[in-house]
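Handing you this structure, nothing more for now.
Computed from heavy atoms alone, side chains included, the values below leave out hydrogens, waters and symmetry copies. Each chain gets a letter, A, B and so on, in the order the sequences are listed, and its residues count up from 1. Just so you know, these numbers come straight off a predicted model, no measurement behind them.
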Number of protein chains: 2
Amino acid sequence: MHYDFADARAASYRLDEQVGFLLRRASQRHLAIFAQRLPGLTATQFAALAKLCELGPTSQNALGRATAMDAATIKGVADRLRARGLVAATPDPDDRRRHYLNATDEGRALYESSAIAAVDISAETLAPLSPAERETLLSLLGKLG
Amino acid sequence: MHYDFADARAASYRLDEQVGFLLRRASQRHLAIFAQRLPGLTATQFAALAKLCELGPTSQNALGRATAMDAATIKGVADRLRARGLVAATPDPDDRRRHYLNATDEGRALYESSAIAAVDISAETLAPLSPAERETLLSLLGKLG
DNA sequence: TCATTTTCATTGGTACACAAATGGTATTGA
DNA sequence: TCAATACCATTTGTGTACCAATGAAAATGA
């Protein structure tokens with residue numbers, strides 16, 4: 001019986017050790033905590049709302065770039081935020097392609113009253129790590145951006 | 001003018017520093033590399049196929065648990081793998097609720113011929129990091145599982 | 001000026017991802 | 001034994017996420 005290189009190769013691949021798998025699991029953990037702590041708003045929706053509050057009036061695509069969502073994705077997110085009255089759209093007089101997105105008073109209030117919870121969610125996600133490890137993880141993840 | 005605690009709180013939340021956002025961005029990076037290096041099979045599909053090859057005959061839900069996919073998700077993934085002839089399902093004689101999933105010869109061959117690329121994908125995803133940093137990141141992500 | 005290129009928002013299509021509900025089927029424990 | 005419980009696979013519904021293509025509108029440059 002000869003040595004099977006294909007098997008050796010395959011055996012050297014362990015799903016549980018791959019970055020992609022570990023990233024997916026960590027994201028799952030985070031999203032579960034988010035949904036529990038801030039039900040009624042998804043992490044993605046909160047991210048878009050937060051960025052919009054930070055930036056002020058912003059075109060839809062620009063908001064997408066600021067939140068790492070492509071044009072198709074940010075459209076869906078913005079639509080749902082608008083449907084809930086958290087965000088409003090007004091045409092840009094200087095560029096007829098664009099609509100400015102803006103947080104409504106209600107949206108801004110929700111953001112401000114949720115910001116503490118959002119910080120808590122990050123902390124809880126990182127709870128299994130020591131403070132130094134948390135710093136390290138955030139720094140390393142940042143380098144992958 | 002009084003000090004506005006809500007604003008102070010809000011100002012202390014920076015999207016770009018939150019784990020959730022950084023995890024999402026790192027995942028995007030990984031998925032983009034995966035799609036480029038192994039087109040024709042998603043990262044999720046490859047994960048399921050790899051685990052199935054590793055475990056041998058496995059019920060659908062058990063495969064889902066082994067790959068961190070819920071029952072509804074693994075069903076869709078398994079359906080697509082079956083539609084492509086990479087996986088086959090046979091009824092479990094001992095439990096009429098179950099169907100064993102099994103990689104076909106074609107599925108196993110594809111897995112074995114793709115395992116090297118899969119390892120490369122992980123390496124490329126981590127390319128911005130030093131070897132020591134890669135180890136650290138994987139270890140910290142593992143603790144969040 | 002006017003053609004090329006870029007950008008904006010939208011659409012349609014595919015693929016995860018999870019909650020909740022369902023109908024069968026096993027397992028259990030009193 | 002048989003009722004309560006747990007598990008399996010499936011379905012429905014909602015929400016990301018990305019690709020590719022579209023038409024309208026700007027920006028660019030020869």
At under 4.0 Å, does any side-chain N or O of B/Ser59 touch on OP1 or OP2 of D/dA9? yes
How would you label the contact of A/Thr44 with the nucleic acid (heavy atoms, under 4.0 Å): base, sugar-phosphate, or nothing? sugar-phosphate
Write down the distance between CZ (B/Phe34) and P (D/dC19), rounded to a whole number of angstrom. 15 Å
From CG of B/Asp92 across to P of D/dC7 the rounded distance in Å is 17 Å
Taking the nucleotide of DNA chain C with the nearest heavy atom to each, does A/Arg24 or A/Gln60 sit closer to the 5' end? A/Gln60
Rounded to the nearest 0.5 angstrom, the OG1-CZ distance for B/Thr125 and B/Phe34 is 9.5 Å
Side-chain heavy atoms under 4.5 angstrom apart, residues restricted to Ile, Leu, Val, Met, Phe, Trp, Tyr: same cluster for B/Leu144 and A/Ile33? no
Counting side-chain heavy atoms from C-beta on, which of D/dC18, C/dC16, D/dG15 comes nearest to B/Thr73? C/dC16
Measure the acute angle between the ring planes of A/Tyr111 and A/Phe46, then classify it against the limits of 30° and 60° as parallel, tilted or perpendicular. tilted
Please give, in whole Å, the distance from C/dT10 P to A/Arg80 CZ? 13 Å
Residue-phosphate contact under 4.0 Å: A/Gln28 side-chain N/O, C/dC16 OP1/OP2: no
Looking only at side-chain N and O atoms, does B/Arg96 come under 4.0 Å of OP1 or OP2 in C/dG24? no
If you compare every side-chain N and O of A/Arg98 against the phosphate oxygens of D/dA24 (OP1, OP2), does one of them come in below 4.0 Å? no
Identify which nucleotide among C/dA15, C/dA17, D/dA26 has an atom closest to any side-chain atom of A/Asp95, counting heavy atoms from C-beta outward. D/dA26
Starting at atom CZ of A/Arg84, determine the distance to atom P of D/dT14, rounded to an integer number of angstrom. 14 Å
Starting at the 5' end of DNA chain D and moving along, which residue's nearest nucleotide shows up first, A/Ala43 or B/Ala32? A/Ala43
Given D/dT10, C/dT11, C/dC16, the nucleotide with the shortest approach to the side chain of A/Lys75: C/dT11
Rounded to whole Å, how long is the line connecting atom CG of B/Leu49 with atom C1' of C/dA15? 17 Å
Nearest-angstrom distance from the residue atom CG of A/Asp70 to P of C/dT11: 15 Å
B/Thr58 vs B/Tyr100 side-chain heavy atoms within contact, under 4.5 Å: no
d(CG, B/Asn61; P, D/dA6) in whole Å: 16 Å
Taking N and O atoms by type only, does the side chain of A/Arg97 place a donor or acceptor under 3.5 Å from a partner on the base of C/dT7? yes
To the nearest Å, how far apart are A/Phe46 CZ and D/dT16 C1'? 17 Å
Criterion salt bridge (charged side-chain N to carboxylate O under 4.0 Å, His left out) on A/Asp79 and A/Arg82, from CA distance to verdict: CA-CA 5 Å; A/Asp79 283 353; A/Arg82 284 201 299 164; 3.4 Å; yes
